[in-house]
Amino acid sequence: MTEFITVATFNFAHEITILKSILDHEGIPYLFQNENLISVDPLASFAYGGIQLKVHPNDVQQVKEILDNLDNNLKIV
């Protein structure tokens with residue numbers, strides 16, 4: 001997982017629910033760093049830099065397209 005890079009950062013755990021489903025459906029390996037910590041203590045999000053979506057460099061472009069599509073068609077917050 002050391003070669004995974006951060007593509008996006010989210011402040012709260014509820015913001016990543018739909019994205020997880022899409023990434024699983026597309027078969028893209030991912031990691032949400034700090035997800036459990038922030039689920040337990042939402043105020044810790046600001047102290048730890050949020051929930052970071054990390055993906056393999058080969059998948060960065062596809063994930064950015066998914067994120068852009070979500071931003072244009074679904075307002076999570």
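Just so it is clear, the model here is predicted, and its values are computed rather than measured.
For the residue pair Ser39 and Pro42, the shortest heavy atom distance occurs at O-CD, 4.4 Å.
Applying the side chain to side chain contact (heavy atoms under 4.5 Å, CB included) criterion to Pro29, with sequence neighbours excluded, gives Phe4, Asp59. For Phe10, there are no ring-ring contact (aromatic ring centres under 6.0 Å, His included) partners, not counting sequence neighbours. Partners of Asn11 according to the side chain to side chain contact (heavy atoms under 4.5 Å, CB included) rule, which considers only residues two or more places apart in sequence or in another chain, are Glu15, Ser45, Phe46. Taking the side chain to side chain contact (heavy atoms under 4.5 Å, CB included) definition, one finds that Gln33 meets it with Gln52, Lys54, sequence neighbours left out.
Transitive grouping of hydrophobic side chains (ILVMFWY, heavy atoms separated by less than 4.5 Å) keeps Leu37 and Ile51 in distinct clusters. Note on Val55: it clusters hydrophobically with Ile18, by side-chain heavy-atom contacts below 4.5 Å among ILVMFWY residues. By the rule that hydrophobic residues join a cluster once side-chain heavy atoms approach within less than 4.5 Å of another member, Phe32 and Tyr48 end up as members of separate clusters.
In this structure, Phe12 and His14 have parallel ring planes: the angle between them is below the 30° cut-off, well short of the 60° mark.
In this structure, Ile66 and Ile28 have side chains that are in contact, with non-hydrogen atoms separated by less than 4.5 Å. Residues Leu31 and Leu53 are not in side-chain contact: their nearest non-hydrogen atoms beyond the backbone lie 4.5 Å or more apart. For the pair Asn69 and Ile22, the minimum side-chain heavy-atom distance is 4.5 Å or more.
The salt bridge (Lys or Arg N to Asp or Glu O under 4.0 Å) pairs that include a residue from residues 34-48 are Lys20-Glu35, where partners are two or more places apart or lie in different chains.
Cluster partners of Leu43 are absent, since no Ile, Leu, Val, Met, Phe, Trp or Tyr has side-chain heavy atoms less than 4.5 Å from it.
To the nearest 0.5 Å, atom OG of residue Ser21 and atom CD1 of residue Ile16 are 12.0 Å apart. Distance CD/Glu26 to CD/Gln62: 5.5 Å, rounded to 0.5 Å.
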- request: Would you sort out whether Tyr30 and Val63 count as a side-chain contact (heavy atoms from CB on, under 4.5 Å), showing the intermediate values?
  value: CA-CA 10 Å; Tyr30 63 90; Val63 171; over 6 Å; no
